[in-house]
Amino acid sequence: QVQLVESGGGLVQPGGSLRLSCAVSGLSLDYSTIGWFRQAPGKEREGVLCISREGGVIYYADSVKGRFTISRDNAKNTAYLQMNSLKFEDTAVYYCAAAETARYFCSRRGEQYNYWGQGTRVTVSS
């Protein structure tokens, strides 16, 4: 059974940082693309960024460029989302998703991912 478990969310002041983790079991990250998505209150879920099997990164949310970084540690079967210079508008529930895909695949479309975590809440507030 495949499981994705996010952690690391919480309350942070504007300008602060958080690192989200996505621990994967039942699926090897060696053969998987990881996407991070978020859903802000009252808004639709959006793709934030993605890392392919080969390590290529695509940013889907322009607002996070230069502030968010995605990485993966295949030995630990864990992906990470480092979020710096957080803003009020980054408040959302963040989800990681995995897809067993071709080597260079990335997508902002949630339906192209097979597995999802339960989400972790990030609140940016002063």
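Source: prediction; values computed, not measured.
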To the nearest 0.5 Å, atom OG of S63 lies from atom CG of D90 at 6.5 Å
Stepwise side chain to side chain contact (heavy atoms under 4.5 Å, CB included) check, L86 with L18: CA-CA 8 Å; L86 282 160; L18 285 175; 4.2 Å; yes
Given V122, which of T91, L81, L20, V93 fulfils the side-chain contact (heavy atoms from CB on, under 4.5 Å) condition? L20
Mark yes or no for whether Q82, through its side chain, and I70, through its backbone, hold a donor-acceptor pair below 3.5 Å. no
What closest approach, in Å, do S52 and C106 show between heavy atoms, and which atom pair accounts for it? N-SG, 3.6 Å
Has the side chain of R72 got a donor or acceptor atom that lies under 3.5 Å from a matching backbone atom of L29? yes
Less than 3.5 Å apart, any donor N or O on the side chain of T101 or T33 sitting next to an acceptor on the other? yes
Do Y95 and C22 have side chains that get closer than 4.5 Å, going by heavy atoms? no
Please give me the minimum heavy-atom distance between S17 and S85, naming the atom from each residue. OG-N, 4.2 Å
Output all residues satisfying side-chain hydrogen bond (donor to acceptor under 3.5 Å, both in side chains) with Q112, sequence neighbours left out; order by chain, then residue number. S107
Could you check, using the six-membered ring where one of them is a Trp, whether F37 and Y113 have ring centers closer than 6.0 angstrom? yes
Are a donor atom and an acceptor atom from the side chains of T78 and D73 found within less than 3.5 Å of each other? no
Give a yes/no verdict on a cation-pi contact between R38 and Y94, requiring under 6.0 Å between NZ or CZ and the six-membered ring centre and an angle within 45° of the axis. no
Looking only at heavy atoms, which two atoms of S125 and L11 are closest? And how far apart? CB-CD1, 3.9 Å
Give a yes or no on whether V57 and V64 share a hydrophobic cluster (residues Ile, Leu, Val, Met, Phe, Trp, Tyr; joining criterion: side-chain heavy atoms under 4.5 Å apart). yes
May I ask you to check whether over 12 heavy atoms, not counting those of R121, lie within 6.0 Å of atom CZ? no
Under 3.5 Å, side chain of N77 to main-chain N/O of L27, donor-acceptor pair present? yes
Is the terminal nitrogen or CZ of R108 (NZ for Lys, CZ for Arg) located under 6.0 angstrom from the six-membered ring centre of Y60 and within 45° of that ring's axis? no
Suppose we screen for salt bridge (charged side-chain N to carboxylate O under 4.0 Å, His left out). Which residues come up paired with K43, at least two apart in sequence or across chains? none
Run the numbers on E100 and Y31 for side chain to side chain contact (heavy atoms under 4.5 Å, CB included), then give the verdict. CA-CA 6 Å; E100 296 172 287; Y31 304 105; 5.6 Å; no
Shortest non-hydrogen separation from I34 to A98 and the atoms involved: CD1-CB, 3.8 Å
Is Y115 reachable from I51 through a run of hydrophobic residues whose side-chain heavy atoms are each under 4.5 Å from the next? yes
Backbone of G119 reached by a side-chain donor or acceptor of E6 within 3.5 Å: yes
Please check this pair: side chain of R53 against backbone of D30, looking for a donor-acceptor N/O pair closer than 3.5 Å. yes
A quick test of your reading: do over 12 heavy atoms of other residues, nucleotides or ligands sit less than 6.0 Å from CD of Q1? no
All heavy atoms of Q118 vs all of V5, minimum pair found to be OE1-CA, 3.7 Å
Please determine if K65 and D62 form a salt bridge, counting it only when a charged side-chain N lies under 4.0 Å from a carboxylate O. yes
For F68, does its backbone N or O pair with a side-chain atom of Y59 as donor and acceptor, under 3.5 Å? yes
